[in-house]
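In what follows, a single structure is set out as structure tokens and then discussed.
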Amino acid sequence: MRQFITAGLSALVLAASAHGAGAQSAASAKKYRIALILGTTTDNFYTSMQCGAQEAAKRLGDVELTIQGAPRWDATLQTPVVNAVTASGVQAIAIAVNDGRALYAPLKAANDKGIKIVGVDTRLTDSGFVVSNISSDNRALGAEAARTLAKLMGEKGTALIPPITPGITTVADRIQGFIDEMKANHKNIKIAYKGISEDASAFSAAFAANPDITGMFLIANNEALVAAGAIRQLPASRRDKISVVSFDAAPALVQALKSNQIQAIVAQKPAQMGALAVETARKALMGQAVAKSQPTGGVGLTQSNINQPAFAQYVYKSNCN
Amino acid sequence: MSLSRPSGAAPSSPLKLAARRLLTSQATLTAGTLLVVMAIFAALFPGKFATLYNLQTLLVDYSGIVLLGVGLTFIMTSARFDLSVGAVLVFSCVLGTKAMTLAGGSDGGWGAVLLGLAVCLGTGLLAGLLNGFLIVKARVPSIIVTLGTLSIAQGAAYVITGGVDLYAVPKVMLDTLGQGRILGLPVPILVAAAAVLIGAFVLSQTRFGQYTCAIGSNAEAARRAGINVDRVAISLYLISGAGAGLAGFMSLARYGSTTLAAHQNDNLTALLGVVLGGTSLFGGTGTVIGTAIGVFIPGVLSNGLVMMQVLPYWQYIIVGIVLIAVVYIDLVKRRGRTEGG
């Protein structure tokens, strides 16, 4: 009996795959089939990127856009997603790679099948075959954060940076840009580099160990949310002396900005990145030339400008509606 | 699981025995489930799902999990756990890369690759020895010990690298072991297949395999029957550790990076594959072939859901339901067995 079932099923598989050979492809003619693979599907930064990409696809009219990604920042989870997208027959893939080297082989294999590859946000270390890389200049934005924080701290005191989950190059660049700028132009500010980024009690311990901390640089969404919680627990007298500059304008962080727990936010432009990714992939498929590198800028958000529409538009989205 | 086979109805050849076991085991249920899922996706996505490219990349993507799963099958058959294999994998990547860096780094030759293999395997074996010793001699429960070594291995990987991925993997290793093919088949698939065949043979055909089942059924009875339970149990953790070390080596060959932030799900995915494949959560019975099939259920689901343009969140829900169902069936079977005498 079991043998029979198994045999029947295998026959079904064969029949289904044989059937496919002829019947496909008539329906979806004349559309550019583009996939956007997010860094993670759970970060508002990438949600905004998704919204920007979807708007661009709608505006252009001739793009069939697929959004994919794994829920965690893990190259071994992102690789099977890339392979499945490749097998599903898209013509171009725009991707925020979870690892600059680990994703090389699957993307190269996709490219060898004739699929155009566009880098968004993060990039491959060896991106010779990539059509274009679209990204923030993370070093420049890190330096901008340093200048802003130095001003808030009155050019003196100790600034705390929490270390990050290892292996993420964009954030490492951000920290490098921050440290370089502080060392070069703000010599009276000391940098303390300790704590564990996603653990509130580690922040509390860092505050206890360093009573002279008057500034903090928070390098991404999650870390900033956790740190904001730790700051809230400090006695008011101490809390008021700490200036915080944060990266990424997740709605929860903007809320913290409005209630003065954070004094400045460096927002990236993920929606613009997403839109550019779709436009760039489409151009490449049409055979048009595209720039190899397309930097997107940043925006400084503060309490005084956050309510103006020109700035409020850069707050990240938690959904696309 | 009895120690000696019933002699009266003994099948004529080991091959027939193996065939019969395969057909009557829970592995068949798993294979059936997998085939149904694959048939559905093949019908939904003609010319896309059931292509050589897709099936090969699927096999390659999950080959590392299979390596972990083989060792875990032995551990769980003996009614124990190993939660450390994912972290040991990453730790062995770190030490292996360090060793290969000394032997020439990216320009290293086969000597460097062999050194890397030895260091990766050695790291896994050492971790296995530590796990086994603490569980068997110190009598700390296996869940606690391996949870502890998980944390230690992960921390040590971060301390040694300073939290920055290492990349000095010999190019020859990436090109041949990671991306190469033998007789048209990707090398990672062949490595995983070899591990499955050896594991399946050892667990189902050797005395050591029978001892493993016996310990899992009833450790005290096994001890009284004269089995050196401690030695077998430590050997099981050595097998599991070696699997993690080999998986680490193959991960280096595929990704060319120590992938510090990755492999977080590997341990659970492998455990899931072992249970889906029909190895009893309560010890006593286990099948390596079943594991090799079980590992692909979440993999195939995820692959098909990406093609359906659904974010693979649904995979978690479906896999969760299948997992609970499989364990429930296992429980019902056991109940039937004890009630039946």
Side-chain angles (χ1 to χ4, degrees), chain A residues 2-3 5-6 8-25 35 38 41 66-89 98-106 108-109 113 125 163-169 172, chain B residues 23-24 28-29 31-32 35-36 38-51 53-55 57-58 60-62 64 157-158 161-165 167 169 174 178-179 251 254-266 299 302-309 311-313 316:
Chain A
R2 278 207 182 92
Q3 275 164 301
I5 295 176
T6 313
L9 284 172
S10 351
L12 190 60
V13 175
L14 288 175
S17 48
H19 164 78
Q24 245 287 302
S25 82
L38 307 171
T41 53
T66 310
I67 309 281
Q68 277 298 333
R72 267 206 264 161
W73 192 276
D74 182 334
T76 57
L77 295 182
Q78 199 180 38
T79 300
V81 172
V82 170
N83 286 333
V85 164
T86 302
S88 74
N98 281 183
D99 185 308
R101 280 174 222 253
L103 267 300
Y104 177 83
K108 185 73 176 61
K113 285 174 73 81
T125 314
I164 49 154
T165 315
I168 306 171
T169 49
Chain B
L23 285 173
T24 54
T28 316
L29 185 73
L35 279 172
V36 169
M38 290 179 76
I40 292 170
F41 285 135
L44 283 175
F45 305 104
K48 289 177 182 172
F49 180 83
T51 58
Y53 177 85
N54 194 40
L55 297 180
T57 51
L58 247 173
V60 172
D61 286 341
Y62 285 84
Y158 287 164
T161 57
V164 181
D165 271 311
Y167 298 104
V169 178
L174 299 175
Q179 304 302 324
S251 169
R254 285 199 60 212
Y255 297 112
S257 152
T258 47
T259 53
L260 290 173
H263 295 291
Q264 298 175 21
N265 277 13
D266 286 12
S302 169
N303 183 274
L305 289 171
V306 169
M307 289 196 183
M308 289 174 88
Q309 308 201 5
L311 286 173
Y313 301 141
Y316 293 89

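Throughout, a chain's letter reflects where its sequence line sits, starting with A, and its residues are numbered from 1.
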Smallest separation among heavy atoms of B/Ala262 and A/Ala75, with atom names:
CB-N, 3.8 Å
Whatever's closer than 4.5 Å to a heavy atom in chain A on B/Tyr53 counts as side chain
Heavy-atom proximity to chain A below 4.5 Å, by part of B/Phe41
neither
For B/Met307 against A/Ser88, the heavy-atom pair lying closest together:
CG-CB, 3.8 Å
Which value, rounded to the nearest 0.5 Å, describes the distance between B/Tyr255 atom OH and A/Thr79 atom OG1?
4.0 Å
Among the options A/Gly100, A/Pro106, A/Gly89, A/Pro71, pick out the one with the most heavy-atom pairs lying under 4.5 Å from chain B.
A/Pro71
Locate the shortest heavy-atom distance separating A/Gly69 from B/Leu311; write the atom from each residue and the value.
N-CD2, 4.0 Å
Backbone N or O of B/Asp61 within a donor-acceptor pair of the A/Asn83 side chain at under 3.5 Å?
no
Which atoms of B/Tyr316 are under 4.5 Å from chain A, going by heavy atoms: the side chain, the backbone, both sets, or neither?
side chain
Whatever's closer than 4.5 Å to a heavy atom in chain A on B/Ser257 counts as side chain
Of the backbone (N, CA, C, O) and the side chain (C-beta and beyond), which part of B/Leu305 lies under 4.5 Å from a heavy atom of chain A, both, or neither?
backbone
Is A/Leu103 close to chain B through its backbone or its side chain, or both, or neither, when contacts mean heavy atoms under 4.5 Å?
neither
Counting heavy-atom pairs under 4.5 Å with chain A, which one of B/Gln179, B/Arg254, B/His263 comes out on top?
B/His263
Which heavy atom of B/Thr259 sits nearest to which heavy atom of A/Ala102, and what is that distance?
CG2-CB, 4.1 Å
Distance check, rounded to the nearest 0.5 Å: B/Asp266 atom CG versus A/Thr76 atom OG1?
5.0 Å
In terms of side-chain heavy atoms, does B/Tyr167 have a donor or acceptor partner in A/Thr125 at a distance below 3.5 Å?
no
Approximate separation, where rounding is to 0.5 Å, of A/Asp74 CG and B/Leu260 CG:
11.5 Å
